[in-house]
Trainee: 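Structure in structure tokens, see below.
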Amino acid sequence: MTVFNRSGFVTGSLASLLLLAACDQKKPADQASSSSSAAADSTQTSTTSSSDMSAPASFGKTTDGQEVQLYTLTNAHGLKATISTYGGTVTSLQVPDKAGKLGNIVLGFDNVSGYQSPAFLKSGPYFGALIGRYGNRIKGGKFTLDGKEYTLAKNNGPNSLHGGKKGFDKVIWAAEPVASATDGQALKLTYLSKDGEEGYPGNLSVTVVYTLTDSDELKIDYTAKTDKATPVNLTNHSYFNLGYGQDKDVLGHEVTLPADRYTVVDETLIPTGELKPVKGTPFDFTTSHTIGERIAQVPGGYDHNWVLNNASGSGMHPAATVYEPTSGRTLEVTTTEPGVQFYTGNFLDGTLKGTGDVTYGKHYGFCLETQHFPDSPNQPKFPSTVLKPGDTLHSTTVYRFGVRK
């Protein structure tokens, strides 16, 4: 059996490839020194481990009567992540600010009903959910693989988005605490996406492990196997606001993206195939800029894929760094993936009210969706997303929390 680490890159000639490599979890040195860990500044103390994870709580029932459970992961410093079996959704994430006070930093709801309300389904923000079978857009809702054309649901204008009308964000995942976790607490989620589901070929067996480490990281490990060749692009769609409940939007957050190029898109947000240098454009986050500094120069706001630097080797590489001055919170993202979709909550319109009775207006949250590139099944020069029988997909993304004083 071949094991694929889902890192990929595009060379100067844009040659497509899948890298065969094991995942190296070593942190880049520049990230380790950029901010102190949340643990160092948190007043919370705990001796929790995976063996004493609390029993899951009820999160309500779906509209078709299925029971949904909510699991809480807690690390040694008191950070907490709550994860729903509906969509594998991260519903809240409690991390300390510079004063050591815990606070939620992700958009979500206190009950599964919030994720199934007519207003939520109409706006389709995918708060905190696992995304698949294919994260991001596929042009025209179709692709050709091994000489056969496959037709998908068009749920985003003329295109297919995030797996279709009922993607992985809208299914119940089987959940099991990981008793063998040695660095914090971990939860394993599994789901079988059957052959033909949402138009995709093959029975795809997916495992996702969330680990809240004692290094103050939320680590997400994705694994998948198939019995037919199929495109796969898995990610998490959490919306972050490091000043949740304090600021009216995230435009004052300072962002760095280690990417010299981005994928140019058409009016329906499908890549044209061009990988354009960011230098001299409002897409240049190679040095820190606030989200709001140049967003007016981007029609509609940021919702683009950045081509990450240093993604050509095996293992982890930096994807983003974010700092929110009021709270002092920092977020550092590393991944095995070749791209990251930076989205700034452009379609939030104030119709949704979430955790803490907070109204989610325009730009109230931002997403950093680590991924292969949008529309890769129709873009042969992009890194391949095709998973074949006998191969195993492995992908990892880590969100590390800290503070600056």
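Just so it is clear, the model here is predicted, and its values are computed rather than measured.
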Trainee: Tell me yes or no: between the side chains of Thr207 and Thr190, is some donor less than 3.5 Å from an acceptor?
Mentor: no
Trainee: Are Asn104 and Thr355 linked by a side-chain donor-acceptor pair shorter than 3.5 Å?
Mentor: no
Trainee: State whether a side-chain donor-acceptor pair under 3.5 Å links Ser395 with Glu337.
Mentor: yes
Trainee: Treating Ser215 as the side-chain partner and Glu217 as the backbone partner, does any N or O pair qualify as donor plus acceptor under 3.5 Å?
Mentor: no
Trainee: Ring centroid separation for Tyr191 and Phe168, is it under 6.0 angstrom?
Mentor: yes
Trainee: Do Tyr86 and Phe59 have ring centroids that are under 6.0 Å from one another?
Mentor: no
Trainee: Checking Arg294 against Phe285: charged group under 6.0 Å from the ring centre and within 45 degrees of the axis?
Mentor: yes
Trainee: I'd like to know whether the aromatic ring centres of Phe127 and Tyr115 sit less than 6.0 Å apart in this structure.
Mentor: no
Trainee: Taking the ring of Tyr126 and the ring of Tyr239, is the distance between their centroids below 6.0 Å?
Mentor: no
Trainee: Apply salt bridge (Lys or Arg N to Asp or Glu O under 4.0 Å) to Lys228 and Asp195, showing your working.
Mentor: CA-CA 8 Å; Lys228 290 182 183 178; Asp195 184 20; 2.8 Å; yes
Trainee: Could you check whether any side-chain N or O of Thr89 sits under 3.5 Å from a backbone N or O of Thr91, counting only pairs where one atom can act as donor and the other as acceptor?
Mentor: no
Trainee: Ring-plane angle category for His304 and Trp306, please: parallel below 30°, perpendicular beyond 60°, tilted otherwise.
Mentor: perpendicular
Trainee: Looking only at side chains, do Arg133 and Ser193 share a donor and an acceptor under 3.5 Å apart?
Mentor: yes
Trainee: What do you reckon, are the aromatic ring centroids of Phe283 and Phe342 less than 6.0 Å apart?
Mentor: no
Trainee: Does Tyr302 reach the main-chain N or O of Pro282 with its side chain, forming a donor-acceptor pair under 3.5 Å?
Mentor: yes
Trainee: What verdict does the salt bridge (Lys or Arg N to Asp or Glu O under 4.0 Å) test give for Asp303 and Arg137, after you've listed the backbone C-alpha separation in whole Å, the side-chain angles of each residue and the deciding distance to 0.1 Å?
Mentor: CA-CA 12 Å; Asp303 190 7; Arg137 295 168 177 85; 3.7 Å; yes
Trainee: Centroid separation under 6.0 Å, is that true for the rings of Phe382 and His372?
Mentor: no
